[in-house]
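These notes concern the structure reproduced below.
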Amino acid sequence: MKKILVLFLAVVLGFSSVVMFSGSKFTAKANTYDAGDEYFLEFISSDLGEKEIDFSHTPLYNADLEVNGREYIFSIDGENGYALMVEFTSENQTFYEIEELFFNKTSPFDSCDGLPVYITHNTYLEYKDQGFYNLVNGAQVSESQIAEYIFNGFNYFGGGNYTNTTFTISYDRKTTTNYSIQYDLPNINASFQGGCCAHTAGTIILMYWDRFYPNIIPNFEPMMTIGPFVTYRGVTEEVQSVAFELIDLMVIGEPHEGVTFSEFQLGMETLVESRGYTYTTTNLFSGGSFNFNNYKNAVENNVPVAFFLSDYNMLDGILEGDGIDTIGNGYCPVSHVTAACGYKIDTYYDANNNVIQTRKYIKVASGLNSYGIGYLNINGVTTIDRAISIQVS
Amino acid sequence: MQDKELEKILQEKAEKTEIREFSQVWDEIKDEVVFEKSKKTNIFKNRFFLTFAPAILAICIVLTPLFFNLTPPQEKIYLNDELILTPVSDKEMFDGLLNANIVHVDLSEYIIVETNVYHTDEMEVKGAFLSFYQETFFAKMELYDKNVELKINKNLYDTNCKVNSADVYYKFKSVESGYYEYSIYATYNNVKYVIEYFGVTDNVMEFLSEFFA
């Protein structure tokens, strides 16, 4: 009898466990979060507010079939969503990046039968039957394509190889709203030796903040006055020195081409804090998507923004005819980081004063020779992976 | 018999041998000599030649115009976005452009504020970036070697004109900054110019006339 009682108590205790595991799936309960979970929760905090969240995660794999991240499936007040997070390790430190987060959308890995493989932006693979397959179209992926995905990774490289596109819109009347931070941002439109777009964008933003916090770039005055003209300086030795410093700092693990979001943040934060200041960034996404009003708020408060793009359209120009605009763009399929300082909103009306279309453009210090201070066209194919306002104090 | 005795005997016999004139010998033998006919052949009946002649002729016909139209190997084309920007002194910029055979307009009348070169990974100068001004305007300019490809959509410029022998495109951008802002693209003497012009007054054509004088 005693033995039966002891056995019964053991079973009851077992069922009363706080944490339950089901195969490789982890279902979170209170006070059992690891560092990755905490990063995920902080990332989603602006959408979470006071609401409760239920989430679980399963592993994601790299091309060597090693765990390199997590797929989160979550529910907030009945609203479901997913997030894809990758992990980078350097020495004894692990960095996390949420590459995608969407509400009311099914994870692209939902249909995965094999191992879910996630090695570059917007590409969802599964490994089964000793091969890699694209989950979107079911096609087998070649070794050379896998190698290209590995090279691209979650890095941002820069611009080039544009394809011209044209779009026309007919209208009865049009209104335009413009805004930019005074004097825009420094127009540095090239890479530095050994660098890429992320280093240029970071340097541009640091030059801006050097106007108010002069120790960021010591012994340097970012603005110059020439007669009636007030403008940013271009690339001087002091500016180049900061860029080279970022090139050294924006690295996690082994040096490689391009820069990830985590590396950008690490480099910027390290440099700013080394100068005795505080580096603060704010995610301008909400509900998993870029929030233009959040962006407007940032730049109207004179805080520049960094955009991380998988691909993008830059505005070549708008040829205004009689009731017709011809909008020329340069499309670039290469991932890019750019610094932003303003916006332009064109609203088109028909003869009955109905809005036909509202087109929004982000004013950027593009960092590209081809565009300089220009406009990012976010009305079509541009893929914004993330947008963060960057504040130094 | 000893060798020396034998040698002596042979020598005595040789001295006694009569050497006849060539003509005497020839007269005796000339009727008996038969010359072999020459082994010359007719190439047009040679099987090897007939087999390959058409191919050889075709190759010659194809190669002949190529031979007379030999062109030097094409120089590499660079995208401007591939180039690296490095700050340099005025002198280094002008020397770099000179050494790269980039023959630019005369900039001596302008006050140059900052100077950079655009170069490749191999440190080959392909252009420059500089800012310059006079009393009534300020300009930021990129200039490039003819082998640098720029992403220019000429259809989006307001105006295309010839200024002296420069082919010029320009468009008015805005006056919101308090200056008349123009974007200018021009090619002149195998050099490409991209200029952001800020004028106190709306005098961009006056600037262009002097710039490409």
Side-chain angles (χ1 to χ4, degrees), chain A residues 158-166 178-180 182-184 187-195 197 200 224-241 243 314-320 326-330 332 334 336 344 366-374, chain B residues 78-89 111-121 123 126-127 129-142 144 148-158 169 171-174 176-179 181 183 194-196 198-201:
Chain A
N161 295 319
Y162 303 100
T163 303
N164 288 334
T165 62
T166 306
N178 281 306
Y179 170 82
S180 183
Q182 191 184 28
Y183 308 124
D184 299 330
N187 185 11
I188 298 172
N189 53 3
S191 293
F192 295 92
Q193 186 84 45
C197 59
T200 301
M224 57 183 176
T225 301
I226 300 163
F229 304 101
V230 179
T231 185
Y232 283 100
R233 292 185 188 280
V235 177
T236 64
E237 285 186 2
E238 294 83 359
V239 171
Q240 188 184 47
S241 177
M314 284 297 296
L315 184 68
D316 282 335
I318 300 176
L319 202 58
E320 294 177 334
T326 302
I327 300 163
N329 302 298
C332 181
V334 179
H336 183 50
K344 172 177 142 82
S366 66
L368 304 165
N369 290 35
S370 297
Y371 290 98
I373 300 289
Chain B
Y78 292 90
L79 299 177
N80 64 337
D81 284 311
E82 291 175 329
L83 300 176
I84 296 160
L85 186 68
T86 297
V88 295
S89 67
I111 302 167
I112 295 174
V113 179
E114 49 194 6
T115 47
N116 301 264
V117 289
Y118 284 115
H119 61 88
T120 64
D121 271 330
M123 306 305 289
K126 303 305 284 182
F129 175 87
L130 58 150
S131 301
F132 58 95
Y133 71 98
Q134 282 183 339
E135 275 184 19
T136 59
F137 77 87
F138 176 75
K140 298 185 180 187
M141 179 173 76
E142 301 159 33
Y144 297 98
V148 175
E149 195 173 293
L150 309 185
K151 195 209 170 294
I152 299 286
N153 189 337
K154 294 174 184 173
N155 294 326
L156 295 173
Y157 285 85
D158 297 333
Y169 294 80
K171 61 182 172 185
F172 175 74
K173 282 184 74 175
S174 83
E176 288 173 12
S177 58
Y179 317 126
E181 291 186 38
S183 284
V194 180
I195 305 170
E196 291 299 306
F198 305 85
V200 174
T201 57

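Reminder, nothing fancy here: chain letters follow the sequence lines and each chain counts from 1. Remember, it's a predicted structure, so these values are computed and weren't measured experimentally.
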Let me know if B/N155 has heavy atoms under 4.5 Å from chain A in its side chain, its backbone, both or neither.
-> backbone

Who wins among A/I188, A/N189, A/T200 for the most heavy-atom pairs under 4.5 Å with chain B?
-> A/N189

Portion of B/T136 that has a non-hydrogen atom of chain A nearer than 4.5 angstrom | backbone

What distance separates B/K171 NZ from A/I318 CD1, expressed to the nearest 0.5 Å?
-> 9.5 Å

Run through B/F132, B/F137, B/Y179 and flag the one making a ring-ring contact (aromatic ring centres under 6.0 Å, His included) with A/F229.
-> B/Y179

Does some side-chain heavy atom of B/L85 sit less than 4.5 Å from a side-chain heavy atom of A/Q240?
-> no

Engaged part of B/L79 at the chain A interface, taking heavy atoms whose separation is under 4.5 Å | side chain

Region of A/Y371 in contact with chain B, defined by heavy-atom distances below 4.5 Å | side chain

A/N187/B/E196 under side chain to side chain donor-acceptor pair (under 3.5 Å): CA gap, chis, key distance, verdict = CA-CA 11 Å; A/N187 185 11; B/E196 291 299 306; over 6 Å; no

How long is the gap from CD1 on B/I111 to CD1 on A/I226, to the nearest 0.5 Å?
-> 9.0 Å

Provide the closest heavy-atom pair for B/L156 versus A/T326 in the form atom of the first, atom of the second, distance.
-> CD2-O, 4.2 Å

Using non-hydrogen atoms and a 4.5 Å limit, figure out which bit of B/Y133 sits close to chain A: side chain, backbone, both or neither.
-> side chain

Would you say A/N369's side chain and B/N80's backbone share a donor-acceptor pair under 3.5 angstrom?
-> yes

d(B/L83 CG, A/S191 OG) to nearest 0.5 Å is 9.5 Å

Nearest 0.5 Å, what's the CE-NZ distance between A/M314 and B/K151?
-> 9.5 Å

Pairwise side-chain contact, A/V239 with B/P87, heavy-atom cut-off 4.5 Å (strictly under) | no

Counting only heavy atoms closer than 4.5 Å, note whether A/N161 contacts chain B via side chain, backbone, both or neither.
-> both

Are more than 12 heavy atoms from other residues, nucleotides or ligands located less than 6.0 Å from atom CD of B/E149?
-> no

Contact leader toward chain B among A/A190, A/G367, A/A243, where contacts are heavy-atom pairs under 4.5 Å = A/A190

Please step through side-chain contact (heavy atoms from CB on, under 4.5 Å) for the pair A/T231 and B/K140, ending with a clear verdict.
-> CA-CA 11 Å; A/T231 185; B/K140 298 185 180 187; 3.0 Å; yes

Measure B/V194 against the heavy atoms of chain A and call it side chain, backbone, both or neither at under 4.5 Å.
-> neither

